[in-house]
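Below is one structure; the comments refer to it alone.
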Amino acid sequence: MTRPSTLLLVLATCLVVTGCAGPVATPVSTETLAPIQRTATLKLSTPTSRVEASATATVTPMPTFSPASSSTPMIVVTLTPAAPAADPDAYRLKPWSAADDQERVAQMQALANWAAEHNPGYHDALAHGMERYIGVAELEAALHPADSADEDVIWDAVGHLARAGDQLATDWMARLIAQALNDGRVSLDGLSTWSRLEALSDGQPAQLQNVPALLGAGRDGWVLSVGQDHGAVLSIAREASGAWGVTTIASAWESAHESGLFVSVYDPPDGGTPEIWVEHMIQAGGGPTFAQYETHIYTWRREQWVDLSGGRLRSAGAESWAEPVPLEPGERSALELHTLLDPYQYPMCDWAIAYRLARSSDGYEYRGAEVSVPPEMTDPAELLCASNAWDWAVTEHHFESLVIWMKDARAHWPTPETDLGIPLGTVREAFGSGFPAFFDFQLGRFEALAGRVKEAEARLLDLVAQPSDPDRAQAQRLAALYLEALPDIAAAEAAVAPDLTIGQGVAWSPLPFQSTSATRSDWTLALQDVERLLFLDHQPAQALERLDGFEQPCIDVRAREPFDCARPLYLQGLASEWIGESTSALAAYWCVWQMYPDSPYAVLARLKLEPVLASREPARPWQGGSGADQTEERKP
C-alpha cells in the first residue's frame with residue numbers, strides 16, 4: 001500500500017516548485033536520439049540475504065553471478081513527448097522487463113556519448129560526469145530481484161561511476177574484490193596485476209603493501225592502492241572466520257582532471273596503530289594556481305577508518321606535500337604540510353609556508369606556521385607576497401625576517417619604468433589605494449613589533465610629515481595613532497585595531513584550508529548515503545525513510561552538481577517502486593519529468609511510465625505489496 005506522507009510530499013513539492021497548481025504545458029515533441037551500439041543482456045540473481053552496512057572489514061553476502069550472456073542489437077526509441085501530461089493519473093508504471101532495463105542503460109550511454117562529442121566541458125568534466133547516470137541505470141538493472149546477470153554488469157557500473165568521481169564505485173569495488181578473493185578467482189598477490197583493477201586505472205598496476213598491526217595489535221593487513229593519477233585506497237584483512245574482508249579507506253576518482261594520488265604508511269613513534277596518508281592533487285586548470293591539494297590521514301579506530309585530519313587539509317597549489325617532523329612533549333605524531341603562501345595568486349608567489357600539525361588525542365591539530373621569507377627582494381613581483389605575509393606575521397608573532405625583506409624592498413622600490421612583470425594596477429589592488437604609503441606604515445609597525453622601536457618611530461614620523469595626499473590619508477592617520485601610543489606597543493596595536501583586523505584589514509585564518517565536508521554540501525552527502533542504502537545495501541525502505549527527512553523543495557543554489565534537485569525525487573521514486581508503493585513511485589517519476597525535463601533522471605523516469613490506455617496487461621509488482629494500485633485503470 002502507499003504511504004500517504006510520501007505521496008503527498010512528492011506531489012506537494014512538485015506543485016510548489018513548478019507553481020503548477022493548474023494544467024501544465026502541453027506535451028511537445030523532442031529530438032530522436034542516435035542509435036546505440038549493441039548492449040549486453042542484463043541478468044543478476046537475487047541476493048540470498050540482506051546486505052548490512054558496516055564499517056568493519058566483514059564479508060557481505062553477494063549475489064550469485066552467472067556467466068556472461070550474449071549481446072543483442074538495440075535501437076533507441078524516440079523519447080516523446082518532452083513534457084508529461086498535466087495529470088500523473090494519466091500514467092501507470094510499466095511492467096518490468098529486461099528490455100526496458102537495457103533501454104535505460106542505452107539511453108544514458110547515448111547521452112554520455114553526445115556530451116563527449118558535443119559538450120565535453122573543461123577537462124572533459126561534463127562528459128565524465130554524465131557517466132554516473134550509466135552506472136546508476138546499470139546498478140538499478142542489476143539489483144532487480146527478478147533478474148539474473150553476469151558480474152561484468154556490476155564492474156561496468158563501477159567503471160562508469162569511477163569516471164564520474166562517485167565514491168559508490170569504491171564501495172562496490174571493495175565488495176567485488178572481497179568476493180573474488182573468497183571465491184579464489186584472484187589471489188592476494190594477483191591483485192596488483194588483476195585486469196579488473198587495471199581497467200579502472202588506465203592500465204596502471206595496483207600497489208599492495210603489507211602493514212603489521214594495520215587494524216590494531218595482532219591484526220595485520222594490507223593496503224591496496226588502485227590508480228596512480230586517480231583511484232581508490234582500500235584495506236584488506238582476514239576476519240576471525242578466515243574469510244577476506246575489504247573496506248574503503250579513501251575514494252579519489254578524478255579522471256576528468258590531471259591529478260596525482262600518493263599513498264604512504266606512517267608508523268607513529270609511540271607504537272600506536274599505523275596511519276595511512278593519502279595525498280591527492282587535482283590539476284583543474286592549465287597552471288599550478290589551478291591545482292587543488294588534499295591530505296587525509298586515516299587510522300583504524302572502533303572498527304572503522306577515521307580521518308584524523310578532520311577533512312581540514314584542503315588547499316591549492318601543486319607544490320604541496322606532507323612530511324613527519326620531530327615530536328614535542330605530549331604529541332603522539334606530528335607533520336608539516338608544505339605549500340605556497342598564496343597558491344591562488346597569479347603571478348605565482350614563490351614564498352613557501354609550512355603548517356605544523358600534531359596529533360595529541362583524537363586527531364591532528366594546528367600548532368603553528370613558518371614562512372620562508374627571502375632575505376632580500378629579488379623580483380618586484382614579490383610585492384604581491386607581502387600582504388599575505390603580513391597576515392602570517394601578525395598571527396604567528398614572527399616579524400624580524402619580514403622586516404629584513406621589507407626594508408630591502410623599500411630600498412629597491414620599483415619605479416614605473418621598472419619591469420614588474422605584472423601590471424602596476426595589480427599591485428595597487430593588492431595593497432589598496434594607499435600603496436605604497438600603507439607599505440611604509442606596516443614596515444614601521446612591524447619594526448616596533450620586532451623590538452626596533454626607535455627605527456619604527458623615525459619611519460612613522462617621516463610618513464606623517466609627508467605632504468597630504470588622498471593615497472596617503474589612511475596610512476598617515478594610522479601612523480599618527482600608532483605614534484601617540486608608543487613606546488607602549490600593546491597600546492599602539494589597540495589604537496589601530498579597529499582599522500586592522502589582521503595585516504591590511506583582511507581577516508586571516510591560521511589554516512587557509514577548507515573542510516572537505518563543507519565543500520561538499522550536506523545535501524550531496526545525504527544523497528550519497530541514500531544511494532548506498534539503495535544500490536549497495538539494497539535497503540529501499542531505509543532509503544525512503546532517509547529521503548522523507550529531506551527539506552523540500554530542493555533549492556537549486558544548494559546543488560553541487562547538475563540535476564541534484566532531480567536526484568532525490570528520482571531516488572524517492574525508485575525506493576518506492578522497489579518496496580511496491582507504485583502510486584508514490586509514479587508520482588515521483590512524473591514530478592522528475594515535469595520539473596526537470598532536461599535532466600538524465602527525467603529520461604530514466606519517463607521510460608518507466610506509459611499512458612494508462614497503452615496497455616491493459618496488469619503490471620507486475622516489483623517486490624512486496626500487492627501492486628493492486630497499478631492494475632486499476634485510470635482515465636486521462
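In what follows, residues are counted from 1 in the order of the sequence shown. Please read all numbers here as calculations on a predicted model, not as lab measurements.
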Q | Glu151-Trp155 side chain donor-acceptor pair, cut-off 3.5 Å | A | yes
Q) Arg238 side chain to Gly242 main-chain N or O, any donor-acceptor pair under 3.5 Å? A) yes
(Q) Within the 4.5 Å heavy-atom criterion, are Val226 and Leu234 side-chain neighbours or not? (A) yes
**Q.** Min side-chain heavy-atom separation Met108-His160 under 4.5 Å
**A.** no
Q) Would you say the side chains of Asn113 and Gln109 form a donor-acceptor pair under 3.5 Å? A) yes
Q) Do Arg132 and Glu138 meet the salt-bridge criterion of a basic N to acidic O distance under 4.0 Å? A) no
Q: If the plane angle is over 60° it's perpendicular, under 30° parallel, otherwise tilted; pick one for Trp114 and His118.
A: tilted
Q: Would you tell me whether Trp305 and Thr248 have side-chain atoms, one donor and one acceptor, within less than 3.5 Å of each other?
A: no
Q | Value rounded to 0.5 Å, distance of CD in Gln539 from CG in Leu534 | A | 9.5 Å
Q: Apply ring-ring contact (aromatic ring centres under 6.0 Å, His included) to Phe262 and list each qualifying residue two or more places apart in sequence or on a separate chain.
A: none
**Q.** Side-chain donor or acceptor of Asp124 paired with backbone N/O of Ala116 under 3.5 Å
**A.** no
Q) Which residue, Tyr596, Trp593, Tyr570, forms the ring pair (Phe, Tyr, Trp, His ring centres under 6.0 Å) with Tyr601? A) Tyr570
Q.
My understanding is that only residues two or more places apart in sequence, or in another chain, count here; which of them pass side chain to side chain contact (heavy atoms under 4.5 Å, CB included) with Glu336?
A. Glu323, Val325, His338, Ala354, Arg356
Q.
For the backbone of Ser576 and the side chain of Glu581, can you confirm whether one donor and one acceptor N or O come within less than 3.5 Å of each other?
A. no
Q: Scan side-chain atoms only and decide if Gln228 and Ser201 contain a donor-acceptor pair under the 3.5 Å cut-off.
A: no
Q: Answer whether the closest heavy-atom distance between the side chains of Glu531 and Leu571 falls below 4.5 Å.
A: yes
Q. Roughly how far apart are Ser599 OG and Leu604 CG, rounded to 0.5 Å?
A. 8.0 Å
**Q.** Ile154 vs Trp172, side-chain contact (heavy atoms from CB on, under 4.5 Å): CA-CA, chis, key distance, verdict
**A.** CA-CA 8 Å; Ile154 300 293; Trp172 254 114; 3.8 Å; yes
Q.
Under 6.0 Å from the ring centre and within 45 degrees of the ring axis: does the NZ or CZ of Arg163 meet both conditions for the six-membered ring of Trp253?
A. no
Q | Within-4.5 Å side-chain heavy-atom neighbours: Leu533 and Arg546 | A | yes
Q) Is it the case that Tyr589 and Glu577 place a side-chain donor and acceptor less than 3.5 Å from each other? A) yes
Q. Do the charged groups of Lys608 and Asp101 touch, with an N to O distance under 4.0 Å?
A. no
Q | SB check Asp100 Lys94 (cutoff 4.0 Å) | A | yes
Q) Looking just at side-chain N and O atoms, do Asp307 and Ser309 make a donor-acceptor pair shorter than 3.5 Å? A) yes
Q) Rounded to the nearest 0.5 Å, how far does CG of Leu261 lie from CD of Glu294? A) 11.0 Å
Q | Interatomic spacing from CD1 in Ile297 to OG in Ser333 - rounded to 0.5 Å | A | 7.5 Å
Q: Tell me yes or no: between the side chains of Trp277 and Glu279, is some donor less than 3.5 Å from an acceptor?
A: no
Q) Does some side-chain heavy atom of Trp222 sit less than 4.5 Å from a side-chain heavy atom of Leu188? A) yes
